[in-house]
K.L.:
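Below you'll find the structure I mean.
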Amino acid sequence: MKDLCITSLVLVLAACGAGDDVAEGARANCAYGGLLTDCEDADRTPEAACWRMVDCGAIAITDEGENREWVFDWDRCVNTIEGMTAEKQRWAINCIAASSCDQLRVDGSPAQPNYDQLYCVQAGAR
């Protein structure tokens with residue numbers, strides 16, 4: 001019985017140890033890696049949602065390159081969300097707040113994110 005308890009304790013401790021299963025760390029408040037979380041303290045505005053995407057490394061603050069008109073950066077994010085109906089705005093903002101940083105980052109993030117993969121923004125824009 002004693003050996004069973006010791007073996008169980010060792011297995012539990014091994015399962016709790018840091019290893020390859022560690023999610024990427026947060027870049028800002030409520031910017032968790034890997035887990036779906038709802039950032040309740042976040043402001044529910046287009047600006048705050050887009051700052052969350054910047055904090056998570058999903059989009060750049062601004063693009064200084066030649067293809068400025070084609071890059072989805074903070075300004076374009078705010079303009080896109082503000083151009084949605086009130087209901088779609090709410091949905092997109094809540095989607096961004098509830099997504100992990102890992103879910104917000106897409107191919108090309110942050111410099112040239114693949115717009116077609118920005119699902120919270122895409123779904124709200126339709």
Side-chain angles (χ1 to χ4, degrees):
M1 181 67 151
K2 182 178 178 182
D3 289 335
L4 180 61
C5 290
I6 291 172
T7 302
S8 298
L9 178 61
V10 170
L11 289 174
V12 169
L13 291 175
C16 294
D20 292 339
D21 60 337
V22 176
E24 184 174 336
R27 294 177 181 228
N29 291 337
C30 201
Y32 305 102
L35 299 174
L36 181 63
T37 58
D38 191 5
C39 193
E40 294 180 21
D41 296 337
D43 289 335
R44 302 299 171 135
T45 64
E47 293 84 2
C50 294
W51 277 120
R52 175 157 166 68
M53 292 184 71
V54 168
D55 289 341
C56 284
I59 62 173
I61 294 174
T62 188
D63 176 56
E64 303 294 332
E66 294 176 18
N67 296 326
R68 168 84 177 100
E69 64 188 69
W70 300 106
V71 175
F72 193 80
D73 60 7
W74 186 86
D75 288 333
R76 192 166 306 280
C77 177
V78 171
N79 291 336
T80 300
I81 294 175
E82 285 179 343
M84 297 175 186
T85 64
E87 181 179 329
K88 288 182 177 185
Q89 266 189 34
R90 217 171 15 261
W91 191 92
I93 291 167
N94 289 335
C95 177
I96 292 167
S99 296
S100 70
C101 284
D102 292 343
Q103 293 168 322
L104 293 174
R105 282 189 296 271
V106 298
D107 294 340
S109 286
Q112 293 186 324
N114 182 340
Y115 182 75
D116 293 334
Q117 295 176 347
L118 295 172
Y119 300 115
C120 291
V121 177
Q122 281 288 326
R126 292 181 185 163

K.L.:
Between CZ of Arg76 and OG1 of Thr62, what distance do you get to the nearest 0.5 Å?
P.N.:
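One finds 10.0 Å between CZ of Arg76 and OG1 of Thr62.
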K.L.:
Val121 and Met53: which non-hydrogen atoms are nearest, and at how many Å?
P.N.:
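It is CG2-SD, 4.3 Å.
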K.L.:
With sequence neighbours left out, write down each residue that passes side-chain contact (heavy atoms from CB on, under 4.5 Å) with Trp74, or none if nothing qualifies.
P.N.:
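For Trp74 the side-chain contact (heavy atoms from CB on, under 4.5 Å) partners, ignoring immediate neighbours, are Glu47, Cys50, Trp51, Val54, Val78.
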K.L.:
Of all the heavy-atom pairs spanning Cys120 and Ser99, show the shortest one and how long it is.
P.N.:
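Minimum heavy-atom contact is SG-OG, 3.7 Å.
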K.L.:
Are any non-hydrogen side-chain atoms of Thr80 and Tyr115 less than 4.5 angstrom apart?
P.N.:
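Heavy-atom side-chain distance check passes, below 4.5 Å.
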K.L.:
Can you measure from CD1 (Ile96) to CD (Gln103) and round to the nearest 0.5 angstrom?
P.N.:
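So the CD1 of Ile96 and the CD of Gln103 are separated by 12.0 Å.
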K.L.:
State, yes or no, whether a side-chain contact exists between Arg44 and Asn94 at a heavy-atom distance under 4.5 Å.
P.N.:
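Yes. Closest side-chain heavy atoms under 4.5 Å.
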K.L.:
Which heavy atom of Ile93 sits nearest a heavy atom of Pro46, and at what distance?
P.N.:
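Residues Ile93 and Pro46, closest heavy atoms: CD1-N, 3.6 Å.
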K.L.:
Under 3.5 Å, is there a donor-acceptor pair between the side chain of Gln112 and the main chain of Val71?
P.N.:
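Pair absent, no side-chain N/O of Gln112 close to backbone of Val71.
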K.L.:
Shortest non-hydrogen contact from Pro113 to Val106?
P.N.:
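That would be CB-CG2, 3.7 Å.
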K.L.:
Counting C-beta onward and ignoring hydrogens, is there a side-chain heavy-atom pair between Arg52 and Leu104 closer than 4.5 Å?
P.N.:
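Side chain of Arg52 against side chain of Leu104, heavy atoms only: contact under 4.5 Å found.
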K.L.:
Looking only at heavy atoms, which two atoms of Ser109 and Ala58 are closest? And how far apart?
P.N.:
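For Ser109 versus Ala58, the nearest heavy atoms are OG-O, 2.8 Å.
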